[in-house]
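What you are looking at is a predicted structure, and each value in this text was computed from that prediction instead of being measured. All values below come from the heavy atoms of this structure, side chains included, with hydrogens, waters and symmetry mates left out. In what follows, chains are A, B, ... by sequence order, proteins preceding strands, each numbered from 1.
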Amino acid sequence: MHWADFTAEKLSKERGNKQVACSGITPSGEFHIGHIREILSAEMIHRACLDAGLDSRYIFIVDSMDPLRRVYPFLSEDYEQYIGYPLAFIPAPDSAGKPDPEGGSYAEHFLGPFLDALAEIGVFPEVIMNHETYASGQFAEKIDSAIEQADKIREIIESISGRELDENWFPYNPLGSDGSMDGVTVTGYQKPFVHWTDRHGNSGSADIRKADGKLPWRIDWAARWGIHGITCEPAGKDHGAAGGSFDTGLPICKLLGSEPPSKMVYEWIQVKGAGPMSSSSGNTVGPIEALSLVPPEILRYLIAGSKMNRHIDFNTGSALFQMADEYERLVASAPNPDAEDLTKRQRVAAITQSGAMRLSQINRGTDPVDSLAGVTFRHLAMLAQIKTSDDDVWNSLRNSGHLTDEPNSALQNRLERMRNWIGSIHFPEDARINIQKKIEDNARAQLSPEQITFLQRLAVELSDSEWSDEAIGNTIRTISSDCGVSGRESYVALYWAMLGRKHGPKASSLLLEIGKDDAIKLLSS
RNA sequence: GGGCCUGUAGCUUAGUCAGGUAGAGCGCCGGGCUUUUAACCCGGUGGCCGGGGGUUCAAAUCCCUCCAGGCCCGCCA
């Protein structure tokens, strides 16, 4: 059974018919590919719940009340002044990274494009801005309860996480007179007000029914589980480690009077690419960029096809071919779990794969077959490089029998991503078609005298030839037999001359794209 | 130090929760398509399931132990 279906079944037994799956993000602007795994894990469990007939919601909590922690590389130094301020209450940066008073809130600024990217992979969550939950007073009861039981919470955090909490630790961080959480000391509590003094020597009171402050992370997380009735929230393995926020969150959530979701931990996803890229250089692939390179259903398949506890290497290099082609093949010849001659193992595998394909679809409930492109990613990569116009790609596919009619949206989508990929540094060099300007020495060394003669005669003959795919092809074959070189040998010679390799895409198409003058210059060199 | 995860074919892995003759893809090799789009089709090679012990009629699967690798425990998923 697929992990999402397995989880849905388990949730149904534990918590009944109503389910709320949740994931979240801090809208700091520092998004990474791991967020995709978290979000898709939660969203797929939600879909699996719906498919199992449960009443399920998928909510996406934006940590808009979290403070800006540091000046990120994409921000100007002006943001130094906003450190400690909730992301919902500071201005968005402009294109130069400077605070833009007209640009709306920082949180919204980074959230928008991210949600747009999620929509492309078919994820449409109920978005909850955490600062609004504070502002609406929904946190008030939990905050009060946390303050009343501060000693118990302190004990839970200290004993389970092994962290020593500061003497001044208080389970609520109010905003000071300037709106920052930094340097604010709590001086007392009279429901519903937390009294404080700040670093400027000012004092005041925060109303726990408003967005005047927030719970510290570990408590905030536990409190929101209760407020939103969350039954499932997959968390990264850092949260799942012994003494991590999951372990402290469970008892705190109960202490605050709610039933927590059961612990669910997923492994990390790491980026490995072909280009000059590594996490140490800071040049990694973010989720939005990943979407521009990888067709959406294939990105979903990356997550759906991997077990949660399995570490994933997200590779935007040559492994992308394999991933895309695996998806295509799997959908094209879908395993049938109902076949009669299956062993138990094969049946289990077939059910799991069917689940992975079902959950990989951008739109829930659509037939995976609709997402077939009908051509391998590798083949498309080749065509995209030698055909500058999309129509020429479609024509070529019609000629080769891959396409009978108009391209479907899945195929158009693949080509669009493919062109982005080819234009990026991530596209693998050995898949890149490098058309030679002249016949290189190492290529010439591979050729027999007869092959050389063939190329020279071809150059002469082509200069009088009509410049069409068919005419070029005919000329190649005519000269080939005239020279007494076999068809195979002549094509090999052409590929060595044009690409410096022994094989390649259809020679006549390639020559057509190179252009008459350049082609003749090349062949006669 | 505490904890989590992973070791199955050259590579990526399914199968481990519910024990019943080790499956798949890629790669590779061979063949076909009698003009080679890196296409497409067919066939084949390849694994003492990390080591050892135990439970069982039966173990990749359950238990113990050892080895190897990866990772987390600072509000980065």
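- Contacts classified as salt bridge (charged side-chain N to carboxylate O under 4.0 Å, His left out) and involving residues 377-386 of chain A (residues at least two apart or in different chains) are not found.
- Using cut-offs of 30° and 60° for the angle between ring planes, the A:Phe31 and A:Phe114 rings count as tilted.
- Separation of the C1' atoms belonging to B:A68 and B:G27 is 26 Å when rounded to the nearest angstrom.
- In terms of phosphate contacts, A:Asn474 brings no side-chain nitrogen or oxygen within less than 4.0 Å of OP1 or OP2 of B:U35.
- No side-chain donor from either of A:Ser64 and A:Tyr106 sits under 3.5 Å from a side-chain acceptor of the other.
- Heavy atoms only, all atoms of each residue included: A:Pro368 and A:Val331 are closest at O-CG1, 3.4 Å.
- One interatomic measurement links the two molecules: CG of A:Leu403 to P of B:U37, which rounds to 18 Å at whole-angstrom precision.
- Separation of atoms CG (A:Leu494) and CG (A:Leu458) is listed at 6.0 Å; rounding is to 0.5 Å.
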Enumerate all atom pairs, one protein N or O and one N or O from nucleotides 39-41 of chain B, separated by less than 3.5 Å.
unit_1: B:A39; atom_1: O2'; unit_2: A:His402; atom_2: NE2; d: 2.8

Using the 3.5 Å cut-off, write out each protein N or O paired with an N or O of nucleotides 60-62 of chain B and the distance between them.
unit_1: B:A60; atom_1: N6; unit_2: A:Arg345; atom_2: NE; d: 3.2
unit_1: B:A60; atom_1: N6; unit_2: A:Arg345; atom_2: NH2; d: 3.3

Checklist outcome for this item: In B/S/- notation (B base, S sugar-phosphate only, - none; protein heavy atoms under 4.0 Å), nucleotides 72-77 of chain B written 5' to 3' is B--BSB

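- Comparing the P positions of B:G32 and B:G25 gives a spacing of 23 Å, expressed to the nearest Å.
- Between B:A14 and A:Arg310, a contact under 4.0 Å exists linking OP1 or OP2 to a side-chain N or O.
- Whole-Å rounding puts the A:Gln322 CD to B:C28 P distance at 12 Å.
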Checklist entry - How far apart are the C-alpha atoms of A:Arg70 and A:Ser28, what are their side-chain angles, what is the distance that settles it, and do they pass the side chain to side chain contact (heavy atoms under 4.5 Å, CB included) test? => result CA-CA 10 Å; A:Arg70 60 192 176 87; A:Ser28 64; over 6 Å; no

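- Separating the CZ atom of A:Phe6 from the P atom of B:G15 is a distance of 12 Å, rounded to the nearest angstrom.
- For A:Asp392, there are no salt bridge (charged side-chain N to carboxylate O under 4.0 Å, His left out) partners two or more places apart in sequence or in a different chain.
- Scored by the salt bridge (charged side-chain N to carboxylate O under 4.0 Å, His left out) test, A:Lys10 finds A:Glu14 as partners (sequence neighbours excluded).
- When the P atom is compared between B:G70 and B:A77, the two are found 24 Å apart, to the nearest whole Å.
- Here the P atom of nucleotide B:A24 and the CD atom of A:Gln353 are 12 Å apart, to the nearest Å.
- Separating the C1' atom of B:C4 from that of B:U56 is a span of 30 Å, rounded to the nearest Å.
- Nucleotides of RNA chain B nearest to A:Tyr491 and A:Arg329 differ in position, and the one nearer the 5' end is that of A:Arg329.
- Using modelled atom types and a 3.5 Å distance limit, the side chains of A:Arg218 and A:Thr248 yield a donor-acceptor pair.
- Among the heavy atoms of the strands lying under 4.0 Å from A:Leu383 is at least one base atom, whether or not backbone atoms are also near.
- One C1' atom belongs to B:G44, the other to B:G3, and the distance between them is 47 Å to the nearest Å.
- Nucleotides B:G10 and B:C17, compared at atom P, are 26 Å apart to the nearest Å.
- In this structure, A:Glu326 places its CD atom 11 Å from C1' of B:A14, rounding to the nearest Å.
- Atom C1' of B:U16 sits at a distance of 11 Å from the matching atom of B:C49, rounded to the whole Å.
- For A:Glu158, the salt bridge (charged side-chain N to carboxylate O under 4.0 Å, His left out) partners at least two apart in sequence or on another chain are A:Arg154.
- Residues satisfying the salt bridge (charged side-chain N to carboxylate O under 4.0 Å, His left out) test with A:Arg310, not counting sequence neighbours, are none.
- One can place CZ of A:Arg477 at 14 Å from C1' of B:U34, the figure rounded to the nearest angstrom.
- Rounded to the nearest 0.5 angstrom, A:Thr133 OG1 and A:Lys214 NZ are separated by 12.0 Å.
- In terms of the side chain to side chain donor-acceptor pair (under 3.5 Å) criterion, A:Gln353 has no residue partners (sequence neighbours excluded).
- Every residue two or more places apart in sequence or in another chain that forms a side chain to side chain donor-acceptor pair (under 3.5 Å) with A:Asn474 is listed here: A:Arg477.
- Spacing between atom CE of A:Met1 and atom P of B:A14 amounts to 18 Å, rounded to whole angstrom units.
- Distance A:Glu158 CD to B:G2 C1': 18 Å, rounded to the nearest Å.
- A gap of 23 Å separates the C1' atoms of B:C5 and B:A9, to the nearest Å.
- Here A:Lys307 does not reach the OP1 or OP2 of B:U16: none of its side-chain N or O atoms lies under 4.0 Å away.
- In this view, A:Asn130 and A:Asp220 satisfy the side chain to side chain donor-acceptor pair (under 3.5 Å) rule, not counting sequence neighbours.
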Item to check | For RNA chain B, the dot-bracket pattern of Watson-Crick and G-U pairs whose distances stay under 3.5 Å, | for other-strand partners | outcome: (((((((..((((......[..)))).(((((.......))))).....(((((..]....))))))))))))....

